[in-house]
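Computed from a prediction, not measured in an experiment: that's the story for all the values here.
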Amino acid sequence: MKEFLPMFLILTVLFLFATNSIADEENQNLIVYLENNEIDSYDEWIDVIKCNYENSRVSSYTNSLRYLSESDEIYFNIEVDYDNELIEVDAIFVTNNSIVPATVLSVQSGSAIHETYSSMGILLYTVSVNATFSYSTNSCSVVSKSGAFERGNSSLWSSTPTVTSGNISTNKAYARISGTATLLWDSSSYQLTLMCDTSGKLSSSFSRP
């Protein structure tokens, strides 16, 4: 009986090692995943989160924005904050582009979003700004604007944002959401800006002032 004890111990160690390896693979760090896989679109990003990170809890707001009727994604970007082990995701969606004959102006509507994820693929919060712009060859202005801060379903981050608008120049108008996200003693300022120029091209910028 004693001669089987060393073999039993070895088999037990190998089993535990294999089990831990499988668990590590299932709970793979999202930053490591991004370093080894190329993601080309927002749809693909959401699929990766849903399939590989069951605890991610993608917000309902993000899903509703993703499935806007006739929505075309025109910009998508992922940045990794290695210092804080966070993943920052930006996307812009065009929701309407039409011409107003009475004033010979074009109207462009769109949404910019910024999502912050933990290194384990959990959505912490989403910041979004939506705007309708009117533009011509000589000017651009904001017709309407709105914005929102949405925390992830398993997140406790909160914020009361402010939405503003104006002109960077006569050739470019903007709508902006800004505020400070807080969780207990931790806080993080944010500023997401959606811009439109005289050609109707949308762009966005995100910063943490």
Side-chain angles (χ1 to χ4, degrees), residues 34 38-49 58-59 61-82 84 86-100 103-117 123-150 159 161-181 188-209:
L34 292 174
E38 185 174 345
I39 300 175
D40 297 321
S41 71
Y42 184 73
D43 281 357
E44 183 180 353
W45 164 255
I46 294 299
D47 289 341
V48 167
I49 289 295
V58 178
S59 71
Y61 182 85
T62 301
N63 281 327
S64 65
L65 185 60
R66 178 187 177 205
Y67 292 113
L68 279 173
S69 177
E70 302 300 323
S71 175
D72 292 321
E73 178 188 334
I74 63 172
Y75 173 83
F76 171 75
N77 186 55
I78 298 176
E79 295 288 342
V80 175
D81 181 349
Y82 287 97
N84 298 305
L86 298 175
I87 296 90
E88 313 277 1
V89 180
D90 287 290
I92 297 177
F93 295 85
V94 177
T95 54
N96 180 52
N97 191 353
S98 58
I99 297 175
V100 183
T103 56
V104 198
L105 287 173
S106 296
V107 175
Q108 179 76 288
S109 298
S111 304
I113 67 170
H114 183 91
E115 298 170 333
T116 301
Y117 290 81
L123 177 63
L124 301 180
Y125 57 85
T126 299
V127 177
S128 64
V129 60
N130 318 299
T132 297
F133 302 91
S134 64
Y135 65 94
S136 65
T137 55
N138 299 317
S139 65
C140 186
S141 61
V142 177
V143 176
S144 64
K145 64 184 184 298
S146 63
F149 174 96
E150 297 281 338
S159 179
T162 300
V163 181
T164 58
S165 63
N167 282 81
I168 297 173
S169 66
T170 56
N171 297 324
K172 184 172 287 187
Y174 72 88
R176 176 179 297 146
I177 182 171
S178 56
T180 300
S188 179
S189 297
Y190 58 85
Q191 187 176 89
L192 176 63
T193 305
L194 177 64
M195 296 162 283
C196 181
D197 62 20
T198 53
S199 67
K201 180 181 179 181
L202 297 181
S203 59
S204 73
S205 65
F206 180 85
S207 64
R208 296 193 181 278

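- Counted by atom type alone, Ser141 and Ser134 present one or more donor-acceptor pairs between their side chains at under 3.5 Å.
- Shown here are the side-chain hydrogen bond (donor to acceptor under 3.5 Å, both in side chains) partners of Ser146, two or more places apart in sequence or in another chain: Asn130.
- Across all their heavy atoms, Leu34 and Val80 have their closest contact at CD1-CG2, 4.0 Å.
- Applying the side-chain contact (heavy atoms from CB on, under 4.5 Å) test to Val163 and every residue at least two apart in sequence or in another chain returns Lys145, Ile177.
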>> Apply side chain to side chain contact (heavy atoms under 4.5 Å, CB included) to residues Leu202 and Met195 and explain how you reach the verdict.
In response: CA-CA 6 Å; Leu202 297 181; Met195 296 162 283; over 6 Å; no

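- Between Phe206 and Tyr190, a ring centre-to-centre spacing not shorter than 6.0 Å is recorded.
- Between Tyr117 and Trp45, the angle of the ring planes goes over 60°, which puts this pair in the perpendicular group of the 30/60° scheme.
- Counting only heavy atoms from C-beta outward, the side chains of Ile46 and Val48 never approach each other to under 4.5 Å.
- Put simply, CG on Asp47 and CD1 on Ile39 are 10.0 Å apart, with the number rounded to the nearest 0.5 Å.
- You'll find the side chain of Gln108 stays beyond 4.5 Å of the side chain of Thr132, heavy atoms only.
- A pairwise comparison of heavy atoms in Leu194 and Gly110 identifies CD2-O, 3.4 Å as the closest pair.
- Between atom CD1 of residue Ile49 and atom CD of residue Glu44 there is a gap of 11.5 Å, rounded to the nearest 0.5 Å.
- Between atom NE2 of residue His114 and atom CG of residue Leu192 there is a gap of 8.0 Å, rounded to the nearest 0.5 Å.
- If you check the side chains of Asn138 and Ser136, you find no donor sitting under 3.5 Å from an acceptor.
- In terms of heavy-atom proximity, Pro209 sits nearest to Ser189 at O-CB, 3.6 Å.
- Taking all atoms of both residues into account, the shortest heavy-atom contact from Cys140 to Cys196 is SG-O, 3.3 Å.
- Between the side chain of Asp197 and the backbone N or O of Ser199, at least one donor-acceptor pair lies under 3.5 Å.
- Residues in residues 167-177 take part in these side-chain hydrogen bond (donor to acceptor under 3.5 Å, both in side chains) pairs, two or more places apart or across chains: Arg176-Thr193.
- In terms of heavy atoms, Val127 sits closest to Phe149 at CG2-CD1, 4.0 Å.
- Between Arg208 and Ser188 there is a side-chain heavy-atom pair separated by less than 4.5 Å.
- Using a 30° and 60° split on the angle between ring planes, Tyr42 and Phe76 fall in the perpendicular class, above 60°.
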> Can you list the steps and then say if Ile113 with Asp90 is a side chain to side chain contact (heavy atoms under 4.5 Å, CB included)?
Replying inline: CA-CA 6 Å; Ile113 67 170; Asp90 287 290; over 6 Å; no

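- Residues Thr95 and Ser111 approach most closely at CG2-OG, 4.4 Å, considering heavy atoms.
- With rounding to the nearest 0.5 angstrom, the CD atom of Glu115 is 11.5 Å from the CD1 atom of Ile87.
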> Between Glu88 and Thr116, is a side chain to side chain donor-acceptor pair (under 3.5 Å) present by the stated rule, with each step listed?
Replying inline: CA-CA 5 Å; Glu88 313 277 1; Thr116 301; 3.1 Å; yes

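- With ring centers used as reference points, Phe93 lies 6.0 Å or more from Tyr75.
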